[in-house]
Amino acid sequence: MDGIVSLREAVAELVHDGDSVALEGFTHLIPSAAAHEIVRQELKDLTLIRMTPDLIYDQMIGMGCARGLVFSWGGNPGVGSLHRFRDAVENGWPHPLEIEEHSHAGMANRYVAGASNLPFAVLRGYVGTDLPKVTDTIAPVTCPFTREEFMAVPALHPDVGIIHAQQADRSGNVALWGITGIQKEVVLSARRSIVTVEELVEEFEPRPHQVVLPSVAVGAIAVVPGGAHPSYAHGYYPRDNAFYEAWDPIGRDRDAFRGWMERHVLGTEDFAEYIESLVQEGVGRR
Amino acid sequence: MDGIVSLREAVAELVHDGDSVALEGFTHLIPSAAAHEIVRQELKDLTLIRMTPDLIYDQMIGMGCARGLVFSWGGNPGVGSLHRFRDAVENGWPHPLEIEEHSHAGMANRYVAGASNLPFAVLRGYVGTDLPKVTDTIAPVTCPFTREEFMAVPALHPDVGIIHAQQADRSGNVALWGITGIQKEVVLSARRSIVTVEELVEEFEPRPHQVVLPSVAVGAIAVVPGGAHPSYAHGYYPRDNAFYEAWDPIGRDRDAFRGWMERHVLGTEDFAEYIESLVQEGVGRR
Amino acid sequence: MSSGANRYTTDEMMTVAAARELRDGVLCFVGIGLPSEAANLARATHAPNCNLVYESGTIGAKPEVLPHSIGDGELAEHADSVVPIPEIFSYWLQTGRIDVGFLGAAQIDRFANINTTVIGDYGSPKVRLPGAGGAPEIAASAKEVILMLRHSRRAFVEELAFVTSVGYLDGSDARSKLRYLGAGPTVVITDLGILRPDPQTKELTLTQLHPGATAEEAREATGWELRVADEVGETDPPDEKELHTLRELREKTEAANKETQVLRELHARIGAARKR
Amino acid sequence: MSSGANRYTTDEMMTVAAARELRDGVLCFVGIGLPSEAANLARATHAPNCNLVYESGTIGAKPEVLPHSIGDGELAEHADSVVPIPEIFSYWLQTGRIDVGFLGAAQIDRFANINTTVIGDYGSPKVRLPGAGGAPEIAASAKEVILMLRHSRRAFVEELAFVTSVGYLDGSDARSKLRYLGAGPTVVITDLGILRPDPQTKELTLTQLHPGATAEEAREATGWELRVADEVGETDPPDEKELHTLRELREKTEAANKETQVLRELHARIGAARKR
């Protein structure tokens with residue numbers, strides 16, 4: 001599936017039960033709308049991949065979409081815990097979650113290896129820590145020139161890579177700028193990809209630290225203004241810090257969480273309705 | 001040596017006889033002025049590193065600056081041979097040249113490994129070719145996960161990395177745009193670095209496909225307008241295709257070459273005088 | 001938490017003490033929270049050329065308000081450069097370019113090893129913590145590491161449930177066998193005082209107390225028998241300028257946050273986009 | 001080189017024949033010279049959505065004049081994206097995304113192996129050629145490779161002095177043992193005709209002759225006993241549109257070059273900069 005479609009179609013067509021799915025965006029441009037659509041379509045048994053599982057992963061995990069989680073830092077940035085993630089790991093609710101954990105550097109290298117079509121990447125790290133004891137996907141490799149030993153990590157090849165970007169043009173090229181994180185590598189390492197964007201434009205203007213993904217690298221594109229809320233879209237809207245704080249009590253309680261998700265996500269048709277429903281209720285209410 | 005200095009000072013201070021020196025710029029932003037300054041200061045025994053040795057390497061080799069050459073493609077693009085390079089390899093003139101040759105992919109990976117502070121990089125390539133038979137710096141490595149075998153190449157860490165860029169600001173940040181090649185990795189992999197720029201500006205404007213090297217990564221900066229001629233500086237001046245063609249007969253003949261270098265490079269104080277001298281003589285004359 | 005007459009909180013004391021550890025001109029890898037406050041306080045006071053690197057990819061960030069996350073737009077806006085995530089780890093951290101890395105911790109042990117992964121058994125943890133993030137490689141590759149965490153028996157433990165990031169392993173020259181680029185944690189700043197590793201054994205030693213705190217309090221709040229230096233110094237309390245600057249920074253941050261009604265603005269924007 | 005009545009050169013025939021091999025919409029890795037002409041001719045005629053990738057990092061390049069080097073500014077100006085060199089090799093070529101790679105050669109052998117390194121002994125060569133460049137990995141990873149070179153005994157040799165890039169090694173399934181991503185050279189276009197590998201043995205076989213050329217000429221110009229297909233087709237001569245488009249492309253290129261007086265403009269610019 002290529003070109004510009006609705007997010008509902010993109011998810012229905014490209015994401016299947018049991019897939020490994022990476023939704024990336026490092027604090028910036030987090031693809032919230034796509035995560036909600038995955039919840040709405042009640043996808044199951046997903047292996048969720050993400051350096052920094054945050055609210056959207058808390059939501060997908062709490063709603064039972066995930067069988068596994070591959071990650072490097074799972075918290076609510078600046079606020080505290082991801083309670084649904086913790087409940088899954090600590091109490092197996094709504095069901096147990098297999099976890100595979102790395103450091104940020106390890107995850108970044110895994111995406112780079114995937115985008116480079118190499119089965120592994122090498123980095124300075126992990127030795128001396130307990131991570132290799134609990135994570136199978138860390139193994140030593142020796143430099144054939146210096147004979148030094150390093151740790152290797154295997155490539156990531158998500159079935160679906162999902163990102164949010166500021167703009168797409170009508171040829172299907174995608175532009176993002178500001179903090180661009182690992183988005184390029186996610187799209188290039190994935191077997192299929194979905195990009196949600198703030199808007200379609202005729203032509204990209206030069207922007208500071210801009211990354212342009214050429215159309216040949218991009219799968220489905222869906223226009224979803226605001227689709228990164230509560231994270232931000234540089235040049236469009238700021239981070240909704242209040243929402244991250246408001247999430248803490250919502251996520252903390254199973255019933256409050258479930259009710260909130262039913263009202264705002266399952267009970268709405270799309271992201272615009274979700275935002276509408278949040279505004280009407282007031283953010284802080286559980 | 002940090003900050004903004006003259007090119008003469010930068011080369012005198014940072015480049016020494018016997019150094020390994022990488023002057024990079026992939027068809028675009030080739031640091032010609034810096035190469036000429038190396039010739040003027042009669043540096044010797046250099047190991048010259050560059051993916052695409054072109055006219056400036058022909059000149060440094062022909063003037064006896066080089067002991068060795070690490071490269072992947074040595075020609076006059078769109079014209080033909082580099083005759084000084086060939087004369088050195090085929091006839092040992094002005095003296096023999098040790099060569100270490102790779103593919104472009106191999107060289108690019110070597111710079112990336114250098115910039116990443118890893119002793120080696122891995123790629124899909126080389127197997128089946130004769131390159132591993134003549135180049136020691138290619139060795140097999142096995143993926144610890146899949147057990148597949150790949151070829152590895154060792155990191156490059158030039159003593160000095162030299163590039164040309166469009167702009168620097170007064171804090172010493174450097175901006176280049178258009179085709180940005182391997183320049184970032186050269187500066188980051190090198191022990192010391194020199195950047196020549198077209199001009200100093202107060203602030204960078206966003207440009208398409210721009211790379212900004214932060215000041216902490218950059219060594220000496222010298223302002224040399226036109227310093228990439230006969231290659232080009234995107235947004236400043238185009239490639240001088242006529243000069244590349246005119247170089248063929250000059251480079252072909254030892255005496256013509258030597259005379260030309262004496263008149264235009266050794267006989268001038270700096271790059272501005274060199275351009276002046278070329279204009280006065282007319283490009284085509286040997 | 002205000003410490004009475006001096007009119008500053010223990011958090012403020014921690015932040016000020018950490019800021020003072022930063023020399024001007026250093027390249028500093030910053031996490032969010034107290035470390036970010038400390039680094040920005042240093043930049044606003046004695047270390048104007050302190051170069052802040054955030055793991056989101058911003059190099060030479062110059063935030064005017066304190067970021068809430070390590071990837072706020074504020075950080076990219078005025079940075080010298082912004083690079084993709086793979087580069088910040090491979091080209092910047094892994095090369096040993098970073099002079100100082102700031103880390104927090106849920107638990108540390110006497111050799112400044114760090115746990116941010118789990119409390120209890122890994123397979124069925126009592127508390128699942130966020131995990132490693134950038135910490136293991138910061139601890140490995142930054143030339144030195146400044147640790148900041150509040151003193152308590154829950155945090156300062158005899159044995160870590162999990163070693164997420166390495167300090168000095170079991171002390172002495174154990175760390176050097178790992179061929180890490182960095183020297184390891186050179187200072188631990190708590191709400192009670194400052195600990196530094198013993199030059200030989202690398203065991204954390206209380207070398208300094210903040211005003212009003214006692215060595216006894218620190219011993220009480222430590223889960224192992226805490227070494228205390230023969231001569232324990234006293235931290236200078238935050239001076240007027242430090243306190244004023246820190247509070248101004250916080251006020252600016254709060255004001256900036258109050259101004260934005262993100263959700264309402266977004267709602268209006270989406271409505272407008274639909275009409276088009 | 002004009003072939004008389006038909007009024008086209010053998011180079012033009014080669015370029016047109018190569019252009020015809022490109023299907024619309026393919027992702028094509030282009031070198032400079034005839035390949036670039038062919039790819040741009042295809043884009044201007046039957047394959048408007050042919051996506052040109054140059055090893056300098058330009059993806060979806062849309063040059064309006066023919067570039068002189070694989071890194072001309074013209075290529076970056078209208079590209080969909082421009083990526084650094086490491087990415088073009090790691091993220092684009094090495095992934096097997098490229099549908100068609102164009103290569104030239106100084107020498108090829110009967111199994112379409114390629115030499116662009118040396119003639120004679122490697123240590124003391126008779127002719128030192130430019131070397132590998134991007135060719136070994138294009139030959140390895142592009143889904144198919146189109147080879148373009150003029151037919152002569154110097155170029156079509158019994159044994160290569162050096163294997164720079166792999167075609168089919170010694171034929172049959174030898175290539176598959178290398179676990180390369182691409183199928184290898186699927187066509188060799190010369191000034192006399194077109195050769196394709198035998199499906200079983202992979203030996204290059206003359207399957208098509210350009211108008212006016214004979215199998216005898218091709219045999220004469222080949223340094224091994226050339227296999228000729230039972231039925232040798234004849235290439236359609238360049239049609240009006242192909243010739244017209246190709247020549248217009250060349251004229252535009254020459255005009256663009258004549259316009260620029262780079263050195264004089266640079267001289268003026270430097271003079272002006274000095275006065276400031």
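Numbered from 1 within each chain, the chains take letters A, B, ... in sequence-line order.
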Peer 1: Measure the spacing between NE2 of A:H209 and CD of B:Q210 and express it to the nearest 0.5 Å.
Peer 2: 8.0 Å
Peer 1: I need the residue from A:A155, A:C143, A:P208 with the largest number of non-hydrogen atom pairs under 4.5 Å to chain B.
Peer 2: A:C143
Peer 1: Report the option among A:W177, A:F204, A:F120, A:F150 that has the most heavy-atom pairs separated by less than 4.5 Å from atoms of chain B.
Peer 2: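 Ranked by heavy-atom pairs under 4.5 Å with chain B, first place is A:F120.
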Peer 1: Let me know if B:V211 has heavy atoms under 4.5 Å from chain A in its side chain, its backbone, both or neither.
Peer 2: neither
Peer 1: For B:F145 and A:A152, work out which heavy atoms get closest and say how close.
Peer 2: CZ-O, 3.4 Å
Peer 1: Search all heavy atoms of A:T142 against all heavy atoms of B:V141 and return the closest pair with its distance.
Peer 2: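 Scanning both residues, the minimum pair turns out to be O-CG2, 4.1 Å.
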Peer 1: Please report the shortest heavy-atom distance between A:P119 and B:R124, naming the atom on each side.
Peer 2: CD-NH2, 4.3 Å
Peer 1: Side chain, backbone, both or neither: which part of B:N117 has a non-hydrogen atom closer than 4.5 Å to chain A?
Peer 2: both
Peer 1: Which atom names give the shortest non-hydrogen contact between B:P144 and A:P140, and what distance separates them?
Peer 2: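 It is CB-O, 3.7 Å.
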Peer 1: Closest heavy-atom contact between A:V122 and B:L118?
Peer 2: O-CD1, 3.3 Å
